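Take a look at the structure below.
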Amino acid sequence: AQKVTQAQTEISVVEKEDVTLDCVYETRDTTYYLFWYKQPPSGELVFLIRRNSFDEQNEISGRYSWNFQKSTSSFNFTITASQVVDSAVYFCALSEALISGTYKYIFGTGTRLKVLA
Amino acid sequence: DAGVTQSPTHLIKTRGQHVTLRCSPISGHKSVSWYQQVLGQGPQFIFQYYEKEERGRGNFPDRFSARQFPNYSSELNVNALLLGDSALYLCASSLEVRDTQYFGPGTRLTVL
């Protein structure tokens, strides 16, 4: 069965520290997508990145970077020089192919990141 | 451009009642999905609609139903509410069914 595991329930760091959020997944699909979303206290899920299973290149966007390793089924997310505004719950998600040909998303349980000033 | 909008923002119902939640997708997006997020958990897939047709259904009882309208907006209906239905209900839209889903702010439903 498809599954996403985010073992870190909560992480606290001091501002300007680097922090890595772990994500491990299980899938039977040969083609799939991985995602990271940010959920601030307001509740809205904010899309951060989508990665295709065939593209293992790491990606950097400003202070954010993602490390996708198919061999270990991991898709980790690093925030460099964290800021208080980064405080939120972060979700890793995996696409699951449906019979209809569409996708649904399987989410992990989330990691709550607290950045202290 | 406006993002996904949902109404109402908050809702309080009692057990046994029914509720209708509404969602307007991003302009041009044809697919709408619904997710339920209980406190402390990740969102769970309920439905996906595309071009007014149901394209996917999660492991939820028949008390949950939805539909999509010609303008691509969508409604989620829940009948015979239970305490366990208390959750944040998220709507997501995507351009096509396999494109990235963008989420709305959610409707927080409390069942007393």
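Each chain gets a letter, A, B and so on, in the order the sequences are listed, and its residues count up from 1. Not measured: the values here are computed from a predicted model.
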_Cluster check A/Val46, A/Leu113: I/L/V/M/F/W/Y, side chain < 4.5 angstrom_ = no

*A/Lys70 NZ: over 12 foreign heavy atoms closer than 6.0 Å*: yes

_Minimum heavy-atom distance between A/Thr109 and B/Gln41, given as atom pair plus value_ = CG2-OE1, 3.7 Å

*A/Arg112 side chain to B/Gly40 main-chain N or O, any donor-acceptor pair under 3.5 Å?*
no

*Is A/Phe77 linked to A/Phe75 within one hydrophobic cluster, defined over Ile, Leu, Val, Met, Phe, Trp and Tyr using a side-chain heavy-atom separation of less than 4.5 Å?*
yes

*Which atoms of B/Ser33 come close to chain A, meaning under 4.5 Å heavy atom to heavy atom: side chain ones, backbone ones, both, or neither?*
neither

*Heavy-atom contact with chain A under 4.5 Å, split by part of B/Gln101*: both

*By a 4.5 Å heavy-atom criterion (distance strictly below it), what part of B/Gln48 contacts chain A: side chain, backbone, both, or neither?*
side chain

*When you look at CG of B/Leu39, are more than 12 heavy atoms from neighbouring residues, nucleotides or ligands closer to it than 6.0 Å?*
no

*asked:* Does A/Gln57 have more than 12 heavy atoms from other residues, nucleotides or ligands lying within 6.0 Å of its CD?
replied: no

*For A/Arg50 and B/Asp99, which heavy atoms make the closest approach, and how far apart are they?*
NH1-C, 3.4 Å

*Closest approach of A/Gly43 and B/Leu90, non-hydrogen atoms and distance?*
O-CD2, 4.1 Å

*asked:* When you group the ILVMFWY residues by side-chain heavy-atom contacts below 4.5 Å and let the links chain together, are A/Tyr25 and A/Tyr37 in the same group?
replied: no

_A/Thr102 OG1 to B/Glu54 CD distance, which is reported to the nearest 0.5 Å_ = 10.0 Å

*If you draw a 6.0 Å radius around CG in B/Leu112, do more than 12 non-hydrogen atoms from other residues or ligands fall strictly inside?*
yes

*Do you know which of A/Ser100, A/Ala93, A/Cys92, A/Ser95 has the most heavy-atom pairs with chain B at a distance under 4.5 angstrom?*
A/Ser100

*Hey, any chance A/Val4 and A/Trp36 share a hydrophobic cluster, counting ILVMFWY side chains that come within less than 4.5 Å of each other, even indirectly?*
yes

*Say whether A/Tyr90 and A/Val13 are linked into one hydrophobic cluster, either directly or through other cluster members, by side-chain heavy-atom distances under 4.5 angstrom.*
yes

*Heavy-atom side-chain contact between A/Leu45 and B/Pro43 under 4.5 Å*: yes

*Look at the aromatic rings of B/Tyr102 and A/Phe47 and report parallel, tilted or perpendicular, splitting at 30° and 60°.*
perpendicular

*Measure from the side-chain N and O atoms of A/Tyr105 to the backbone N and O of B/Tyr35, and report whether any donor-acceptor pair falls under 3.5 Å.*
no

*What residue in A/Lys104, A/Glu96, A/Gln39, A/Glu44 has the most heavy-atom pairs under 4.5 Å with chain B?*
A/Glu44

